[in-house]
Amino acid sequence: MRISVIGCGYLGAVHAACMAELGHDVVGIDVDAAKIAELAAGRSPFFEPGRDEQRDAEHGRLRVSTDHAEIEQARVHFIAVGTPQVAGGHAADLRYVDAAVTALLPHIGPGHLVVGKSTVPVGTAARLAELVEPTGAQLVWNPEFLREGFAVSDTLSPDRLVYGVRPGDDRATEVLDLVYARPLEAGTPRIVTDYATAELVKVSANAFLATKISFINAMAEIAEVTGADITTLADAIGFDARIGRRFLNAGVGFGGGCLPKDIRAFQARAAELGVGQALDFLDDVDQINLRRRQRVVDLLEQHLDGLSGRTVAVLGLAFKPDSDDVRDSPALDIAQRVAALGAAVQATDPEAVETARRSQPQLDYRSSIDDALTGADAIVVLTEWRQFRELDPAVVAQRTTARLVIDGRNCLDPGAWRQAGFTYVGLGRP
């Protein structure tokens with residue numbers, strides 16, 4: 001099938017490559033000429049395990065362009081542009097979605113299917129359908145559920161597929177079934193519903209995950225003043241099948257380009273609909289999440305008797321491992337806060353140094369763990385990369401005079417670090 005993907009950022013580039021891997025002929029369109037040049041050369045503008053654009057290009061099924069005329073032969077068009085938070089507010093900025101659909105209109109007609117994948121406020125699909133349908137094309141909303149670090153597998157083998165269609169629009173369902181034939185044949189569940197439900201599925205899922213993370217971090221705050229162990233607590237309640245253990249790791253909280261802005265946009269949309277009180281709890285979720293960042297700074301100040309003139313080795317900059325994404329990253333935020341209090345921050349990350357440097361060039365970035373540890377008074381682990389989890393504390397003790405480690409992700413072995421002579425401090429751990 002001939003497919004176009006409008007928007008070649010994180011979502012769009014991964015989706016385009018995976019559609020080509022599924023056997024479709026794909027053209028990716030983006031207005032950013034530099035990004036298109038990188039993709040055309042087989043280079044990804046971001047880090048994502050499993051990405052192999054050059055292989056897809058060699059197969060001849062994927063090409064990229066800045067020219068919308070390239071989509072003329074396609075019949076299925078995916079909208080995969082970003083919906084960032086508006087400047088100075090919480091609502092989603094839909095300029096890029098609107099622009100993508102507007103740019104499509106001259107190139108679509110009867111028999112075409114426009115498929116929205118971007119995360120949008122409820123009501124957006126119905127509004128856009130009013131623009132698409134006069135051309136004779138149909139619109140369906142097919143939200144993405146990608147986890148950074150697992151985006152390729154999540155696209156090729158999703159845990160569910162959701163189609164938001166006009167009531168009785170069987171053709172749109174049939175076409176998407178052809179697009180996703182391989183995962184459907186492998187048993188992926190498929191839910192066909194209306195526009196509003198499809199839009200709400202994505203933001204509701206993100207709101208729930210954010211709530212679960214902030215819940216365990218709220219319990220960590222209580223654990224810290226009672227002497228309880230948050231890790232054991234999470235293990236114990238995680239055995240309850242109604243709760244589950246995933247997303248119950250206490251630490252510095254969530255970040256990235258989805259959860260923070262999506263829960264805020266969800267609140268903003270609920271307020272517009274006159275039911276803002278239904279999501280008031282998400283403000284607490286957001287505040288708990290942000291509070292954990294300051295907790296790390298407070299612990300450093302407490303154990304170092306102030307930060308001015310101190311040197312802090314920061315291990316981790318990305319908001320999660322297996323990613324170079326520093327958008328709303330707790331790790332990068334904490335590094336900035338520590339530096340603002342007069343400490344020299346020596347930060348490293350296996351993949352996110354350059355993206356962090358572009359965002360916050362004033363910090364001192366180091367290319368290796370050893371470089372970051374040199375001359376440090378304290379070590380702070382803020383992203384749970386395997387390289388950091390597997391550090392041998394006895395070896396670390398030989399490479400630095402620092403004897404304080406703040407485990408912002410509760411990913412280290414407290415006993416091993418204490419045995420090596422370190423003062424180990426976890427979040428919510430005695």
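Scope of the values below: all heavy atoms of this structure, side chains included, with no hydrogens, waters or symmetry mates. FYI, the numbering just counts along the sequence from 1. From a predicted model like this one, the values you see are computed outputs, not experimental measurements.
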Sequence neighbours excluded, the answer for side-chain contact (heavy atoms from CB on, under 4.5 Å) partners of R389 is E384, R386, C411
As a quick check of understanding, evaluate side-chain hydrogen bond (donor to acceptor under 3.5 Å, both in side chains) for D298 and Q294, giving each step before the final call. CA-CA 6 Å; D298 293 343; Q294 185 58 40; 2.9 Å; yes
Is I230 close to L427 at the side-chain level, that is, under 4.5 Å between some pair of heavy atoms? no
Where the side chain of D325 meets the backbone of G256, is there a donor-acceptor pair that is under 3.5 Å apart? no
Sequence-distant partners of D30, salt bridge (charged side-chain N to carboxylate O under 4.0 Å, His left out), two or more places apart: K35
Do the non-hydrogen side-chain atoms of S204 and F266 ever get within less than 4.5 Å of each other? yes
Among all residues two or more places apart in sequence or in another chain, which pass the side-chain hydrogen bond (donor to acceptor under 3.5 Å, both in side chains) test with H107? E72
Could you check I79 against L104 for side chain to side chain contact (heavy atoms under 4.5 Å, CB included), going step by step and ending with a plain yes or no? CA-CA 10 Å; I79 304 295; L104 263 179; 3.5 Å; yes
Take atom CZ of F215 as the centre, draw a 6.0 Å sphere, and report whether it contains more than 12 heavy atoms from other residues, nucleotides or ligands. no
F145 vs K202, test: side chain to side chain contact (heavy atoms under 4.5 Å, CB included). Steps then yes/no. CA-CA 7 Å; F145 303 104; K202 175 59 189 288; 3.9 Å; yes
Would you confirm whether Y195, through its side chain, and L139, through its main-chain N or O, come within 3.5 Å as a donor-acceptor pair? yes
Can you run down the side chain to side chain donor-acceptor pair (under 3.5 Å) pairs that involve residues 182-191, sequence neighbours left out, and say none if there aren't any? D177-R190
For P321 and T383, the nearest pair of non-hydrogen atoms, with its separation, is N-CG2, 3.6 Å
Counting only pairs under 3.5 Å, give me each side-chain donor-acceptor contact of residues 6-17, with atom names and distances, residues two or more places apart or in other chains.
from: Y10; atom 1: OH; to: E48; atom 2: OE1; distance (Å): 2.5

Are any side-chain N or O atoms of N289 and backbone N or O atoms of F254, one a donor and one an acceptor, separated by less than 3.5 Å? yes
Has T193 got a side-chain atom pairing as donor or acceptor with A198's backbone, closer than 3.5 angstrom? no
Exactly one candidate in V5, V26, L113 meets side chain to side chain contact (heavy atoms under 4.5 Å, CB included) with F78; the answer is V5
For the backbone of T374 and the side chain of Q346, can you confirm whether one donor and one acceptor N or O come within less than 3.5 Å of each other? yes
Of all heavy-atom pairs linking G82 and V97, the shortest is O-CG2, 4.5 Å
So, D93 and K261, do they make that salt bridge, N to O below 4.0 Å? no
Listed by chain and number, what are the salt bridge (charged side-chain N to carboxylate O under 4.0 Å, His left out) partners of D328, not counting sequence neighbours? R264, R293
Within a 6.0 Å radius of atom CD on Q419, are there more than 12 heavy atoms belonging to other residues, nucleotides or ligands? no
Beyond-backbone contact of R61 with M19, side-chain heavy atoms, under 4.5 angstrom: no
Hey, what do you get for CG (L315) to CG (L391), rounding to the nearest 0.5 Å? 6.5 Å
Given 3.5 Å as the limit, does a donor-acceptor pair link the side chain of S118 with the main chain of V120, or not? no
Measure the shortest side-chain to side-chain distance between L128 and V114 over non-hydrogen atoms and say whether it is less than 4.5 angstrom. no
Between R409 and L382, is there a donor-acceptor pair closer than 3.5 Å when you use the side chain of the first and the backbone of the second? yes
Restricting to salt bridge (charged side-chain N to carboxylate O under 4.0 Å, His left out), what partner residues turn up for R2, sequence neighbours left out? none
Main chain of P121, side chain of T124: is a donor-acceptor contact present, judged purely on distance under 3.5 Å? yes
D98 vs R95 side-chain heavy atoms within contact, under 4.5 Å: no
Do the non-hydrogen side-chain atoms of D371 and T348 ever get within less than 4.5 Å of each other? no
V425, I334, V338 screened by side chain to side chain contact (heavy atoms under 4.5 Å, CB included) with L300, the one that passes: V338
Can you find a pair of side-chain heavy atoms, one from L404 and one from D377, that are under 4.5 Å apart? no
Could you pull out all residues at least two apart from E224 that satisfy side-chain hydrogen bond (donor to acceptor under 3.5 Å, both in side chains)? R292, R295
Carefully, step by step, assess H90 and Q85 under the rule side chain to side chain contact (heavy atoms under 4.5 Å, CB included). CA-CA 6 Å; H90 284 177; Q85 192 172 320; 3.6 Å; yes
Which residue pairs pass the side chain to side chain donor-acceptor pair (under 3.5 Å) test with at least one member in residues 393-406, sequence neighbours excluded? D370-R399
Report the C-alpha separation of D324 and E354 in whole Å, then their side-chain angles, then the decisive distance to 0.1 Å, and conclude whether the side chain to side chain contact (heavy atoms under 4.5 Å, CB included) test is met. CA-CA 8 Å; D324 64 352; E354 291 310 313; over 6 Å; no
Which residues share a salt bridge (charged side-chain N to carboxylate O under 4.0 Å, His left out) with D283, sequence neighbours left out: none
Selection residues 206-217 - residue pairs positive for side chain to side chain donor-acceptor pair (under 3.5 Å), sequence neighbours left out: N206-D262
Within the structure provided, determine whether D322 and E148 are in side-chain contact (heavy-atom separation under 4.5 Å). no
I'd like to know whether R366 forms a salt bridge (Lys or Arg N to Asp or Glu O under 4.0 Å) with D364, so could you lay out the CA-CA distance, the side-chain angles of the two residues, the decisive distance to 0.1 Å, and finally the verdict. CA-CA 7 Å; R366 301 297 176 98; D364 181 3; 2.8 Å; yes
Shortest non-hydrogen contact from L363 to A335? CD1-CB, 3.9 Å
For residues 400-427, pull every pair meeting ring-ring contact (aromatic ring centres under 6.0 Å, His included), keeping only residues two or more places apart or in separate chains. W417-F422
Evaluate the criterion salt bridge (Lys or Arg N to Asp or Glu O under 4.0 Å) for residue pair D159 and R147; output intermediate values, then yes/no. CA-CA 11 Å; D159 55 14; R147 300 166 297 163; over 6 Å; no
Might you point out which heavy atoms bring A402 and A376 nearest each other, and give the distance in Å? CB-O, 3.2 Å
For S4 and A74 the tightest heavy-atom approach is N-CB, 3.8 Å
Over 12 non-hydrogen atoms of neighbours within 6.0 angstrom of CZ in F208: no
Using salt bridge (Lys or Arg N to Asp or Glu O under 4.0 Å), reason through E199 and R269 one step at a time and then give a plain yes or no. CA-CA 12 Å; E199 291 164 322; R269 183 57 177 148; over 6 Å; no
Can you tell me how far apart NE2 (H24) and CE (M1) are? Round to the nearest 0.5 Å. 6.5 Å
Does atom CG of D67 have more than 12 heavy-atom neighbours, drawn from other residues, nucleotides or ligands, at distances under 6.0 Å? yes
